[in-house]
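Every heavy atom of this structure was used, including side-chain atoms; hydrogens, water molecules and symmetry mates were not.
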Amino acid sequence: MFELDLAPADPILGLTEAFKSDTHPDKINLGVGVYQDNTGKTPILESVKLAEKQLLIMEGTKSYLPIPGLADLADQAQELLFGVGHKIILEGRAKTAQTPGGTGALRVAADFLKRVKSNATIWLSDPSWSNHVTIFEAAGFDVQHYRYYDKESQALDSSGFIQDLDRMKTGDVLVLHACCHNPSGIDLTETEWAAVAEAAKHKGLVCLVDFAYQGFGEGLEEDRTGFHVLLNAGLSILIAASFSKNFGLYNERIGTLTVIESNAQEARNTFSHIEAAIRAIYSSPPAHGGKIVASVLGDKTLRALWIKELDTMRERIKAMRLAFVNGMTDRQAAVDFNFINHQKGMFSFSGLNQEQVLKLRKDNHIYIVGSGRINVAGITPKNIDPLCDAIAKVL
C-alpha cells in the first residue's frame with residue numbers, strides 16, 4: 001500500500017537487538033541505557049516492591065486519571081525539584097503534569113512549544129541524547145546544535161558553549177541537561193549556568209531542562225543546583241523529569257513535565273495549554289507507575305529506603321568508573337583514562353572510535369554505541385577484567 005523501504009534502525013535500540021541475538025556466553029552490553037547491578041541485572045527496588053504490595057491491597061478502580069495525572073505525584077515531584085517548602089511551591093508558581101516517561105514529557109513540551117513558539121529554533125547540545133532530535137523534528141521544529149563536548153580535551157567546550165549562546169535569537173528554545181549529561185557525562189559548571197541565565201534573560205530564550213537522572217550524579221539536592229541558578233535569576237522554565245532511572249521504573253513509563261512561571265495565574269494559564277497538548281496526544285497518563293512513585297515519596301519509611309537504594313546505585317556507578325580507569329591504567333600507558341572519573345551519571349564518552357568499537361564487537365562480543373559512549377552501569381566486577389583487556393588491545 002505505502003511502498004516504503006525499511007526505516008533506519010535506532011542506533012541504541014538496534015544495538016540492543018544485536019546483543020540479544022548474540023549467543024556468546026561472555027558478551028557484554030555497554031550500550032543500553034538502563035541501570036544494572038553487580039550481577040548485570042536491572043533490579044526492582046525493594047521500596048518499589050513494598051509500594052506495589054500496598055497498592056494491590058488498596059486499589060479500588062482502574063478508571064481514567066485526569067489529564068494531568070495524579071495530584072499527589074505532582075506535589076511529590078515538585079518537592080524533589082525544588083525542596084520542601086520552597087517559595088515556588090508556596091506561591092503556586094509551578095504546575096506539574098504526569099507523563100508517560102521522560103520521553104513523553106519531552107514530546108508534550110515539544111507539542112506545547114510548537115503551539116506557542118512556532119517559529120522558534122530548538123537548540124541541543126552537541127552531542128545530545130539521540131532521541132532529542134527525533135522528538136523535536138517530529139513536532140515540526142528546526143533543530144540546531146550548540147557546542148558542548150570537546151573531543152580533544154575530553155571536557156566541556158566552555159568558550160564554544162558561551163559563544164553559541166550569542167547565536168540564539170529571541171524566543172528560541174534552549175534544551176539543557178540538568179545533570180549527568182547524556183551521552184558525555186560532562187555537566188555544566190555554575191559559570192555556564194550563570195551564562196545561560198544571562199542569555200535567557202537578555203534574549204528571551206525558553207529554557208527546557210531535561211532532568212532524567214536526579215540522584216545519579218552527586219545526590220538528589222546536588223543534582224538540581226544547576227537549573228536552580230535559572231530559577232534564582234527569576235526565569236520561567238520547563239522541566240521534563242524521568243523516574244525510569246532513579247526508581248528503576250523503566251517499563252512503567254513514568255515522568256513529569258513541570259512549568260514554572262512568574263506568578264500563579266501565569267502558571268495556570270500556561271498549564272492549560274500543556275493540558276490541551278496532552279489531550280491531543282494520549283488524553284491521560286497510565287496510572288501504575290505514578291502511583292508507585294507517589295506512594296514511595298509520600299511514605300516516610302519507603303522514602304528513606306528509596307533514598308538508600310538510590311545512594312547504592314550511584315555509588316556502584318562511581319566505583320565502576322574508578323575500577324575501569326584503574327584497570328586501563330594498569331594495562332597500558334597510551335591513553336590516560338582519568339577524564340572518566342570527572343564525568344557523572346551512567347554514561348561516559350570512552351574516547352574509542354567507531355573502528356575500535358566495531359572490532360570490540362566482532363572479536364570480543366562487547367557492545368558499545370558507535371560514538372564510543374558507554375553505559376558505566378553495564379560494567380560489573382565479573383566483566384571488568386575482560387573488558388579492560390579487550391579495550392587495551394584495540395588502542
Side-chain angles (χ1 to χ4, degrees), residues 1-23 27 29 31-34 42 62-69 97-145 172-173 175 182-183 208 210 212 238 240 242-244 249-257 272-290 354 357-358 361-362 367-371 373 375:
M1 177 180 177
F2 295 108
E3 298 181 356
L4 298 173
D5 295 327
L6 285 173
D10 182 274
I12 297 175
L13 299 182
L15 187 68
T16 300
E17 291 305 312
F19 173 81
K20 288 180 179 178
S21 65
D22 189 336
T23 58
K27 62 185 179 179
N29 188 1
V32 63
V34 299
T42 300
K62 294 290 187 181
S63 184
Y64 291 118
L65 295 183
I67 290 174
Q98 177 184 341
T99 60
T103 303
L106 289 166
R107 182 55 201 250
V108 170
D111 279 23
F112 159 72
L113 290 166
K114 191 62 180 178
R115 292 167 181 243
V116 299
K117 295 283 185 180
S118 60
N119 295 322
T121 296
I122 301 289
W123 290 87
L124 301 173
S125 63
D126 182 14
S128 193
W129 179 44
S130 59
N131 209 24
H132 274 152
V133 173
T134 306
I135 290 168
F136 290 105
E137 286 186 344
F141 280 108
D142 173 47
V143 175
Q144 300 291 327
H145 290 85
D172 280 354
V173 178
V175 179
N182 181 3
L208 170 57
D210 188 347
L238 293 162
S242 170
F243 297 108
S244 293
L249 291 172
Y250 297 94
N251 66 13
E252 297 296 352
R253 310 310 299 133
I254 173 62
T256 55
L257 178 63
S272 69
H273 292 275
I274 290 175
E275 288 181 302
I278 291 172
R279 176 61 172 156
I281 304 172
Y282 55 84
S283 283
S284 65
H288 190 64
Q354 190 169 35
V357 166
L358 292 175
R361 190 184 312 173
K362 179 177 180 294
Y367 290 77
I368 297 172
V369 179
S371 64
R373 187 212 77 175
N375 176 15

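Evaluation of the ring-ring contact (aromatic ring centres under 6.0 Å, His included) rule for Tyr367 yields Phe19 as partners, not counting sequence neighbours. Residues satisfying the side-chain hydrogen bond (donor to acceptor under 3.5 Å, both in side chains) test with Arg279, not counting sequence neighbours, are Ser283. Under the side-chain hydrogen bond (donor to acceptor under 3.5 Å, both in side chains) criterion, Trp129 pairs with no residue, sequence neighbours left out. Partners of Glu137 according to the side-chain hydrogen bond (donor to acceptor under 3.5 Å, both in side chains) rule, which considers only residues two or more places apart in sequence or in another chain, do not exist here. Applying the side chain to side chain contact (heavy atoms under 4.5 Å, CB included) criterion to Ser244, with sequence neighbours excluded, gives Ser242, Tyr250, Arg253.
Taken to the nearest 0.5 Å, the OG1 atom of Thr121 stands 4.5 Å off from the CG atom of Asp142. For the atom pair CG (Leu208) and CD1 (Ile122), the distance works out to 7.5 Å, reported to the nearest 0.5 Å. Interatomic distance, CZ of Phe141 versus CG of Asn119, reported as 9.5 Å (0.5 Å rounding). Annotation: the span from Gln144 atom CD to Asp126 atom CG amounts to 11.0 Å, rounded to 0.5 Å. A distance of 5.5 Å separates CG in Asn29 from OG1 in Thr16, rounded to the nearest 0.5 Å. Separating the CZ atom in Arg361 from the NZ atom in Lys27 is a distance of 13.0 Å, to the nearest 0.5 Å.
Under the 4.5 Å side-chain criterion, counting only non-hydrogen atoms from C-beta, Gln98 is not in contact with Pro68. Residues Val133 and His145 are in side-chain contact: their nearest non-hydrogen atoms beyond the backbone lie under 4.5 Å apart. Residues Val173 and Phe136 fail the side-chain proximity criterion, which asks for heavy atoms closer than 4.5 Å. Inter-residue side-chain proximity for Pro100 and Pro286 is flagged as met; some heavy-atom pair is nearer than 4.5 Å. When side chains are defined from C-beta on, Asp210 counts as touching His132, because their heavy atoms get closer than 4.5 Å.
Scanning both residues, Ile278 and Ala97, for their nearest heavy atoms gives CD1-CB, 3.7 Å. Of all heavy-atom pairs spanning Val34 and Asn375, the tightest one is O-ND2, 2.9 Å.
Other residues, nucleotides and ligands contribute at most 12 non-hydrogen atoms within 6.0 Å of the CG atom of Leu6.
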Could you walk me through whether Ile274 and Leu238 satisfy the side chain to side chain contact (heavy atoms under 4.5 Å, CB included) test, starting with their C-alpha distance in whole Å, then the side-chain angles of each, then the deciding distance to 0.1 Å, before giving a yes or no?
CA-CA 11 Å; Ile274 290 175; Leu238 293 162; 4.2 Å; yes
Can you give me every donor-acceptor pair (side chain of residues 101-115, partner residue at least two apart or in another chain, under 3.5 Å) with its distance?
{"unit_1": "Arg107", "atom_1": "NE", "unit_2": "Asp111", "atom_2": "OD1", "d": "2.8"}
{"unit_1": "Arg107", "atom_1": "NH2", "unit_2": "Asp111", "atom_2": "OD1", "d": "3.3"}
{"unit_1": "Lys114", "atom_1": "NZ", "unit_2": "Ser118", "atom_2": "O", "d": "3.0"}
{"unit_1": "Lys114", "atom_1": "NZ", "unit_2": "Gly140", "atom_2": "O", "d": "2.9"}

